[in-house]
Amino acid sequence: MAETPAEPQIDCELQPPSNTLSEPQLQSQLHPLSEPQPLPQPDTIPQPDTLPQPDTLPQPQPLPQPDTIPQPDTLPQPDTLPQPQTLPQPDTLPQPWPQPLPQPDSLPEPQPLPQPDTLPQPCPHPLPQPQPDSLSEPQLLPQPDTLPQPWPQPLPQPDTLPQPDTLPQPQLLPQPDTLPQPWPQPLPQPQPDSLPEPQPLPQPDTLPEPQPQSEEEVKPWVWTCHRVLLLFLLASSFCTSILGLAYYSQQHRPPESTPPASPPCTSPACQRATARLSISVDPFSQPCDYFLFPCGSEGASLSNRGRQRGKGIPLHPQGHKSRAAQAEKERERGRKERETGTDIIEKATADRMPDRQTALLLTMREILEADDRSSPGNSAKQKACMFYRSCMDTGPTETAGPEPFLRLVHKLGGWAVSGQWNQTDFNSTLSLLMRDYGTFPFFSVYVGKDPNDTQGDKRYIQIDQPDFQIPTEWSSKTQKSKANTQILRLFLASYQRLLSLLGSPSSSTSLHIGLFISLSSELAVAASPLPHRLQQGLLYQRITIKELQTLAPAIDWLSCLQTTFHPHPVSQSDHVLLHNLPYIVHMSRIIGKWLNKHELSGSGPLHTFMVLSLLHTVIPALDSRFTQTERNFSLALGTTEEDVPRWKQCVLQTEKGFDTVLTHLLRETTAYTEADELIQNVYSSIKSKLPDLRWRDEESRMSVLNKIQSLTPRLSTKNIFSEAELNQLYSKVTIDEHKYFSNYIQSLSLQRQRSSKLFSQTEGDDIWSITPFLSGNELVFPMGMFVQPLFHPTYPRAVNFGVLGSLMAKDILHLLLPNIHSQSMSPRSIAECVRYQYLSMTEGPGREEAFSLSPAQQQEMWVQYSALQIALQAYNQSLKKYPGDSSLSGLSHTHLFLTSFTQINCDSDPYHEFMPFEPSFLVTVICGYSDLCPTTLSCPNKPQQHLLGTC
């Protein structure tokens, strides 16, 4: 048996043929198969750019197949046969990947031979070729089910074609050099019964004779290749164009940190805001520690303004020592203001954002100090301004001394302290004090709703125990109140000083003060603190005036209440609400006892008690000796109340008598269009954010969302008079700019008239309201919120949204979602995320577990963080609706928004005690996961962990 030759390796890459076959040789080798069909001459073969369209190409003709060729699965496998030649089998040969062959320039485009359409298309491996009958040795063919399916391999090159003395291997026709490589297409399977007579193939003069193939079978395949190539080129050109346009736009657009220049705001309000920005800490210039400072502090420089690092921050150990120190600084500031006459408040507000109450007071001060000559001299507005100026002018008050009060006492019938008393009737004097001077010596009276009455909005006269001038202490053991002995000594010394200022003889002052202390102590026995009364159910006890007269007969209740609330009608059948009925009964019994003490009838202790109560009421209108005596007594008692500057006292006192006038003036300065836009944008942003929270259950989610959807936000506009109506209302009021005491007495009478309006006034809808409140299905925003420097119509919207927009969002969340921690899981997860980032920056890695947050702290941190997100979203929505915004100091929109947010005085926030750190740090959190910030807030010189991403 002959040695089996090694299987030759077939190179799938076509090469130019090295040997040529003559036509007779080729025909003799193919004669047993069929007569080849002639191919078109080279000069008639169309070039690739003139190929016929696919719909006009003829169908390919199958190759002739000899009848005697056995199928691969039936050929015998003789053991003694030598290694067969590796010729591909037409019916089993896999379709190779066609490769171009280099050809002469004049060579036409030949076409590939058709291949069976039922075979896969890998590069051919050597397969045994069945030979014609004339072959001396049979060829070994592998079975079809064992044929490998390799990846396409290069075709053998023409120079490896078998010589004439061996069987030729069927090859693809060579391709011209410029023909692109097509994708292979499956070719039809030749059928032996229908094969036509083979035709001889025409050969080029200088090339070896190729294998026979049909023109009709080649044209579709070539067109498909060209079509694929054309589509590829078109797609590449399109993608290149898109990329080019994107690159061009990227290179020629302005940088994100330097958006198109916004027009600067040059209004007076903007100039003040710019001055405040210029001396405040920019979070983007000091990203590592700006949030460790408070929102402002007087006398602090740009580099070290505010408290020392860590002080005042609850998460830091030093934070517990700063509250008392800050309170002491506030008192010292007030003392300096009184001593020097310098308005330190005004200076302090230059470099910090005041709290909302102070901002409203400053606005009212600016209105009252405006030199407006347009209004007539007797207008209500001019009278209010004159009252304020008389309060600020302390010269005439200091000169007058106690004389204004002594004239008032004489008008009341005198008193026993001076030795001149007309023995006036007790109830008549009491009614006069309640009606004209707003003084309630034995009980307090006011108007309000009954919280137990859920069916209506009616308001009732409410009677409570008074605020005694002598502080008392409650004994839970004896269930009684009494005055401390040490306090009584301090009170005695203080009132001896007051009586001496009134010119009373020292020989009689001790007696009358002693009687005053004795009567006060007896009355205070039945007084009790509010928690005890709430526990005992003593609040809001409803009773008719007639029933009250029976229980407490010493007071003429109907007469006193009618004079106090005139012109509002009051009858015996009207209900009143009592807040300490045992005290009212006890008070009536004590008054009756002292009225019947004949030995004291000449000293008039009850009348003296009422006159000293009136003195306490009018001390603010007397000279500084009286006010300082009262302040010294408060300090001796340990009271650490903040000293109120003179301008603030005068604004508050002006509002008590001219509240409707100031409301009218505030309305004139309020920009309704800009304010309403801010309200609607913020509330819309809240409604879009709440559904994204992780709710604990569907019931909680629907309850909150339905509540939010049912409310209508609006700006307060109720209870506002026209200018003509105001002038008529204050027509009988006469104001003397140089007599503040008489003006003050008139304001007390005006306050009494104001009380009659309380029966119809909406709760919370007054001039000093600075937070939104609910009124039925309305969410009302008072005008007092929209004042400088928190808001102004000429400000850039970035300032309005950054300051008041964030405060407004926080107010709404506190009002509508007081129990969000129990309804949603988001507050806890967000608070922990923000806390982790804060401690990572301030304490360094590894200290993240140093502190834990209470549920109240988690909720407040979520509220503050969500409020900033809501305000920023609302501002962006406003920019989409009204593109363009002015600027301050050349800052971009987002930069100005975030910088304005950091200026909010967080120490004035009533919920600040639950915030573990300064809310300005939330800017770092916002910038840590978004591209909104002008620069990246990072600390390169600190070991700091990367922010976690979106909280």
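Predicted model only: the values in this text are computed from it and were never measured.
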### Message
Is it the case that the side chains of S920 and T902 hold a donor-acceptor pair, with the cut-off being a distance below 3.5 Å and no angle test?
### Response
no
### Task
Mark yes or no for whether H664, through its side chain, and F721, through its backbone, hold a donor-acceptor pair below 3.5 Å.
yes
### Task
Return the set of residues passing side chain to side chain contact (heavy atoms under 4.5 Å, CB included) with D393 (not counting sequence neighbours), or none when no residue passes.
P396, H738
### Task
Heavy atoms only: give me the nearest V803-S900 pair and the separation to one decimal.
CG2-O, 3.5 Å
### side chain to side chain contact (heavy atoms under 4.5 Å, CB included) partners of L711, counting only residues at least two apart
Y683, L774, L816
### Task
State whether the side chain of R797 and the backbone N or O of S878 hold a donor-acceptor pair below 3.5 Å, judged by distance alone.
yes
### Query
R667 side chain to L662 main-chain N or O, any donor-acceptor pair under 3.5 Å?
no
### Query
Is the shortest heavy-atom distance from the side chain of P796 to the side chain of V799 under 4.5 Å?
yes
### Query
Would you say the side-chain atoms of S822 and N819 include a donor-acceptor pair closer than 3.5 Å?
no
### Query
Checking S775 side chain against E778 main chain: does a donor-acceptor pair fall under 3.5 Å?
no
#### Entry: Pairwise side-chain contact, F786 with T669, heavy-atom cut-off 4.5 Å (strictly under)
no
#### Entry: T627 vs P620 side-chain heavy atoms within contact, under 4.5 Å
no
### Smallest separation among heavy atoms of S887 and L896, with atom names
CA-CD2, 4.3 Å
### Message
Working note: S379 + Y730, criterion side-chain hydrogen bond (donor to acceptor under 3.5 Å, both in side chains); need CA distance, chi angles, decisive distance, verdict.
### Response
CA-CA 8 Å; S379 67; Y730 289 89; over 6 Å; no
### Side-chain touch Y882/L879, heavy atoms, less than 4.5 angstrom
no
### Message
Checking the side chain of K687 only, and the main-chain atoms of I708 only, is there a donor and an acceptor separated by less than 3.5 Å?
### Response
no
### Query
Which of parallel (below 30°), tilted (30 to 60°) and perpendicular (above 60°) describes F658 and F387?
tilted
### Query
Under the side-chain contact (heavy atoms from CB on, under 4.5 Å) criterion, do N681 and E677 qualify, and how do the steps go?
CA-CA 6 Å; N681 277 280; E677 177 194 353; 3.3 Å; yes
### Query
Does a donor on one side chain sit under 3.5 Å from an acceptor on the other, for R828 and Q859?
no
### Task
Would you name the heavy atoms of Q869 and I926 that are closest together and state the gap between them?
CG-CD1, 3.8 Å
### Task
Identify the heavy atoms of L815 and P772 that sit nearest to each other, and give their distance.
CD2-O, 3.8 Å
### Task
Indicate yes or no for a side-chain donor-acceptor contact from T670 to the backbone of Y672 under 3.5 Å, with no hydrogens or angles considered.
no
### Nearest-0.5 Å distance that lies between atom CG in L715 and atom CD in Q680
10.0 Å
### Trace of the side-chain contact (heavy atoms from CB on, under 4.5 Å) decision for V834 with W862
CA-CA 9 Å; V834 175; W862 173 82; over 6 Å; no
### Query
CG of L361 to CG of L652: how many Å apart, nearest 0.5 Å?
5.5 Å
### Query
Do H792 and E674 get their side chains close enough for a donor-acceptor pair, meaning under 3.5 Å?
no
#### Entry: Stepwise side-chain contact (heavy atoms from CB on, under 4.5 Å) check, I830 with M861
CA-CA 8 Å; I830 290 178; M861 195 179 296; over 6 Å; no
### Query
If you look at every heavy atom in A871 and S806, which pair is closest and at what distance?
CB-N, 3.6 Å
### Task
Step through the shown structure and confirm whether more than 12 heavy atoms of other residues, nucleotides or ligands are within 6.0 Å of OH on Y744.
yes
### Task
Would you confirm whether D659, through its side chain, and I767, through its main-chain N or O, come within 3.5 Å as a donor-acceptor pair?
no
### Query
Taking the side chain as C-beta and beyond, is there a heavy-atom pair between E655 and M364 under 4.5 Å?
no
### Task
Enter the distance from L817:CG to I812:CD1 here, rounded to the nearest 0.5 Å.
10.0 Å
### Query
Short question: side chain of Q751, backbone of K656 - any donor-acceptor pair under 3.5 Å?
no
### S688 and Q873: side chain donor to acceptor below 3.5 Å
yes
### Summary
Residues C391 and Y740: closest non-hydrogen pair is CB-CE1, 3.4 Å
### Query
Quick one: salt bridge (charged side-chain N to carboxylate O under 4.0 Å, His left out) partners of E366, sequence neighbours excluded?
none
### Working for side-chain contact (heavy atoms from CB on, under 4.5 Å), residues Q857 and S854
CA-CA 5 Å; Q857 289 177 320; S854 66; 3.3 Å; yes
### From OH (Y865) to CD1 (I870), nearest 0.5 Å
11.5 Å
### Message
Could you tell me if N743 and S390 have a donor-acceptor pair between their side chains, going purely by distance under 3.5 Å?
### Response
yes
### Query
Angle class for the F921/F917 ring planes (parallel below 30°, perpendicular above 60°, tilted otherwise)?
perpendicular
### Task
Assess the side chains of Q864 and E860: does a donor N or O sit below 3.5 Å from an acceptor N or O?
yes
### Task
Answer whether the closest heavy-atom distance between the side chains of L678 and M808 falls below 4.5 Å.
yes
### Message
Could you tell me if the side chain of S634 sits less than 4.5 Å from the side chain of R631, heavy atoms only?
### Response
no
### Message
Hydrogens and angles aside, do Y875 and T894 bring a side-chain donor and acceptor to less than 3.5 Å of each other?
### Response
no
### Query
Do side-chain atoms of Q462 reach the backbone of K449 as a donor and acceptor pair under 3.5 angstrom?
yes
### Task
Report the distance from atom NZ of K648 to atom CG of L362, rounding to the nearest 0.5 Å.
8.0 Å
### Query
CG of D692: more than 12 outside heavy atoms within 6.0 angstrom?
yes
### Query
When rounded to the nearest 0.5 angstrom, what is the spacing between CD1 in I686 and NZ in K689?
10.5 Å
### Query
Is there a side-chain contact between N777 and T712 (heavy atoms, below 4.5 Å)?
no
